[in-house]
Amino acid sequence: MKIYDTRTKTKKILRGKNIKMFVCGPTVYDWSHIGHARTYVFYDFFVKYLRRKKQVTYIQNITDIDDKIINRAKESKISPLQLARQWEKEYMKDMATLKITAVDRYERATDHIPEIISQTERLIEKGYAYQISDGIYYDVSKFKRYGQLSGRTNLKEGDSVSRVDHNKEKHQPADFCLWKLSKEKPYWPSPWGLGRPGWHIEDTAISEKYFGSSYDIHGGARDLIFPHHEAEVAQMEAITGKTPFVRFWVHTGFLTVEGAKMSKSLKNFITIREVNSSPRLLRYYLLRAHYRSPLDFHPRLLKEAENDLHKIDEFWNHPDGLKTKLYEEKFYQALDDDLNTPRALAILFQMIKEGNKKKLSNKKFLQEIDQFFNFLEPEKQIIPEEIKKLNKKRNEYREIRQWSKADEIREKIEKMGYEIKDTHQGGVVRKVITSYNHRNE
Ligand code: AMP
């Protein structure tokens, strides 16, 4: 299969049977929003898809030490590490509801302090790092290939800039911190004094420990290309002298709201919990767009996605017998071409349309592809007794043609978050899954 690589700007064939993959995980200090969900659902799907044919070892780091964590801990009057552990738990719960199960190891930054110190020492020894008053910094002018991943050496709008290191003594503005000297807890002893790791170093320290000096795929959203991933290349290639450090750099597009990146700082975010009345729906919504394109979040589009799920559910309910070989071939061709989910899903829905017309299904194929999609299988609907009784009453009114009474009950049912589909066998209720309260609306 072919995957797009950000560094060479081309789609390349992913060779090899054993794939090592690292994805930048969250900074744990707050609720995860659906922008995070987009990125993590995509990599989960990607790894599960690869595992049909290859062995994949998938590591994600957890940033559990960071200025944002420290500041939030001060406000909450608990220790930064306690705060980080609490939010890590919430993150794991969100991941579980989204059926994100492909990660083999979650590795915390603070469990890798010796590896971080060792990398910093080696960078100093090789002449790539220097010490100033508040820490050890990487000198980007010493690394001639700086800029090879992103094609630039300066910040631009849209970069993840939350952790730019300011110090007037830096040799040039782009230099970044490897080890921050600090007497504020949490700190760890180091050859340079008490302190904590800089931002970019935890990823290379973790990946070197488990994968060695180079590996196959590194992922994250596109805001991390510069400076974060560029800095990782500079660190690791300076240490090993080998290039490329990573064979494929894969970057997801942003989840946006009216065109703007969903982010905590813009306060336009919707947490995973807020939309989580149906994780299945959210997972489908996020995988509908191609992973490199921006994807706007809008209740209208969520409703559209919900209607698609109803078509899938209808398809499951028919007896097997639909011939799907031709669809299957085209479907896999689309996914093998840089994971083109919109094309693959269009083919799937052509198949479903034919199946629903002929009242025939192919559950074996659906089960096979749901190994990586994880949104096809219908969720179990538990309809409360009260709603069932109201629905029965409404059906009785309809039989005796008391339409206005029947309509009154329909309204009541809808207010309770359920909708009715009238069939030959009478009204059937189902839960409306797109109802969520967006606090900005
Ligand atoms: P953070 O916790 O902010 O470091 O982000 C964790 C991961 O989510 C990183 O890979 C980010 O690039 C990604 N991410 C953050 N915001 C968005 C967004 N709006 N759309 C897609 N991915 C995002």
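Numbering of ligands and ligand atoms starts at 1, following listing order.
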Would you mind telling me if ligand 1 is within reach of the side chain of His33, the backbone, both or neither, using heavy atoms under 4.0 Å?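 His33 to ligand 1: side-chain contact only, backbone stays beyond 4.0 Å.
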
Heavy-atom gap [X] to ligand 1 smaller than 4.0 Å:
X      : answer
Leu224 : yes
Cys24  : yes
Tyr40  : yes
Gly219 : no

I need the atoms of ligand 1 closer than 4.0 Å to a non-hydrogen atom of Thr27, numbered in the order shown.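 Contacts of ligand 1 toward Thr27, numbered from 1: 2 (O), 4 (O).
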
Test: Lys264 cationic atom under 6.0 Å from Tyr29 six-membered ring centre, within 45° of axis: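 Relative to the ring axis of Tyr29, which defines the angle, Lys264 lies inside both limits.
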
Would you check whether [X] has a nitrogen or oxygen atom less than 3.5 angstrom from a nitrogen or oxygen atom of ligand 1?
X      : answer
Met262 : yes
Gly220 : no
Ser263 : no

Electrostatic pair Lys209-Glu107, nearest N-O below 4.0 angstrom: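 Here Lys209 does not pair with Glu107 in a salt bridge, since their nearest N and O are not under 4.0 Å apart.
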
More than 12 heavy atoms from other groups under 6.0 Å of CZ on Arg7: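 Atom CZ in Arg7 is packed in, count exceeds 12.
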
Applying salt bridge (charged side-chain N to carboxylate O under 4.0 Å, His left out), run through Lys12 and Asp5 and close with a yes or a no. CA-CA 7 Å; Lys12 304 187 302 187; Asp5 167 37; 3.3 Å; yes

